[in-house]
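Below is one structure; the comments refer to it alone.
Every chain is numbered from 1 and lettered A, B, ... according to where its sequence line falls, protein lines coming before strand lines. Only a predicted model underlies this, so the values are computations on that prediction, with no experimental measurement involved.
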Amino acid sequence: MRRLLDVAVTAAVAVLVWQLVVCATGVQHFILPGPIRVAEALYDHRALIAEEAMVTAAEVTIGLLLGAVLGAATALHLMVSPLARRFLLPFLVFSQAVPVFALAPLLTLWFGYGIWSKILMAVLIIYFPVASTFYDGLRRTDPGFLDLAETMGAQPERVLFLLRVPAALPSYASGLRLAAVYAPIGAVIGEWVGASQGLGYLMLLASGRAKIDLMFAALLVLALFTVLLHAGIGRIADRLQKAVQ
Amino acid sequence: MSPGGRAPGIDLDGRFEIGGAALFDGLRLRLEPGRWTCLLGPSGVGKSTVLRLIAGLVTGGRFDGRIRADDGAALKGRIAYMAQSDLLPPWLNVERSVLLGARLRGERPNRERARRLIERVGLASHRHKRPSALSGGMRQRAALARCLMEDRLVALLDEPFSALDAATRAEMQELAFETLTERTVLLVTHDPVEAVRLGHRVYLLLPEGLEEARLPENVPLRAVYADATLHAQAELLRRLRAVRLQRRA
């Protein structure tokens, strides 16, 4: 509660400074609209913004889910398959040398202007951090646990699921936290490159028509969504961590 | 507390190399059946390596020689292991930790027996607690219950009590000795007090080989305050210090 209050105070001060800057400099509203103007735009276009926000939220959420599942599956696969470690791992590392943003036009070309090219963009951007943090965690199991399991005559796949996976959940949780930050970036970039829906598309459209107040309003909603997403995923990550500590 | 069957004696002889240098050479160690053998020695001399070799665990070096049980059967699957840290997964409560071996092997867990053993080590009212809610002594009790649950004829203990305070340690030594009866036990320790209390035989592992320590006539578990115990402990400490001085010179 205390933290919420602190955030509110900071936000109020920022809005005040913003309004003062606009008044003091007399800057044109199509360069930098004041907070009141943005609030008006937000209210006037609430139906439109809500509709576009739902699209972006869907892209990000589906992308996040898919990325989290695919990343975890990849990490587990790398643990059990020497062949995957030999051939897939170097490829994964190499794939990180390609900036994901550069792939956005290609994804749009292949998967069209709909939500799937954006979902894929989000998946691509979070897949590697999730897979690599989880894989690291799986490999760093306390060797003492593994010694114990060895003397107990454990089956390897049971060691994986009863010892390695629980011990790696905190690492997986940090991967998810990162993913919550990256996923909206992926989706919005996808929307900028080519879309007919979503907050990124709305921002581009508004900017093209010099409706900077609408652009700011969309940006504000996007920022709010990202913060909420981060907080939500943070809570899930905390739960995962608490479950094994 | 005794498992079925007769505990085997164990013989190890051979040479161990790590990074091209011999850690020990021509070492001959015998663990007598159903008895406690304590292994002491300066750090880095290879006490834990000997234990890990018998346990069949990775050592990071090369062993040339033989490790065999005197009943001719393989040692694999007949060993229970306790380490310095309790190795209780933080996400499992005491009862689940005690049942871990069965779950890792895919066997049906015997809860009834686990509860009896948890009661035996004095943790009956704590069996649903996780390690973070237990003291260091209680955690080692849980680890002992798990070791007993494995029901193996050979127990390999790698400094299991060294992180405990003196009073708790004495209590744990008694509990371990009483519960691990009729097993062949190897205890690696750096504590001469512990070795003299618990060992049927006590060896010093030195770079030049094993040296057997002199013990009182009586059998363990030896009384803490008996003159003969204290005397033997003092002698052993004197020898350990002499070895340390020699090594430094």
Considering residues, nucleotides and ligands other than Phe24(B), do more than 12 of their heavy atoms fall under 6.0 Å from its CZ? yes
**Message:** Could you check whether atom CZ of Arg46(A) has more than 12 heavy atoms from other residues, nucleotides or ligands sitting under 6.0 Å from it?
**Reply:** yes
**CZ (Arg15(B)) with more than 12 external heavy atoms under 6.0 Å** = yes
On a heavy-atom basis, the closest approach of Leu104(B) and Arg158(A) is O-CD, 3.3 Å
message: So Arg146(B) and Met152(A), do their side chains get closer than 4.5 Å, heavy atoms only?
response: yes
- Query: CZ of Arg96(B): more than 12 outside heavy atoms within 6.0 angstrom?
  - Reply: no
dist Arg52(B):CZ -> Thr151(A):OG1 (nearest 0.5 Å) comes out at 10.0 Å
Value for CG (Leu87(B)) from CG (Leu146(A)), rounded to nearest 0.5 Å, stands at 10.0 Å
When every non-hydrogen atom of Pro90(B) is compared with those of Phe145(A), the smallest separation belongs to CD-CZ, 4.1 Å
Among Pro166(A), Gly153(A), Gly144(A), Pro156(A), the residue with the most heavy-atom pairs under 4.5 Å to chain B is Pro166(A)
When the 4.5 angstrom heavy-atom criterion is applied to Ala243(A) and chain B, the contacting part is backbone
Honestly, the part of Leu92(B) sitting under 4.5 Å from a heavy atom of chain A is neither
How about Arg85(A): does its CZ atom have over 12 heavy atoms from other parts shown lying under 6.0 Å from it? yes
Please say whether more than 12 non-hydrogen atoms of neighbouring residues, nucleotides or ligands are located less than 6.0 Å from CD in Gln96(A). yes
Among residues 129-145 of chain B, residues within the sub-4.5 Å heavy-atom range of chain A, in order of number, are Arg130(B)
Under 4.5 Å to a heavy atom of chain A? For Arg78(B) that would be neither
Would you say Arg103(B) has more than 12 foreign heavy atoms packed within less than 6.0 Å of its CZ?
no
Highest number of heavy-atom pairs under 4.5 Å with chain B among Leu163(A), Asp147(A), Leu169(A) belongs to Asp147(A)
CG of Leu57(B) to CD of Glu150(A), rounded to nearest 0.5 Å, is 6.0 Å
So, the part of Gln245(A) with a heavy atom under 4.5 Å from chain B: the answer is backbone
Greatest number of non-hydrogen atom pairs under 4.5 angstrom with chain A, of Gly77(B), Pro89(B), Ala83(B), falls to Pro89(B)
For the OH atom on Tyr113(A), are there more than 12 heavy atoms of other groups (residues, nucleotides or ligands in this structure) within a distance under 6.0 Å? no
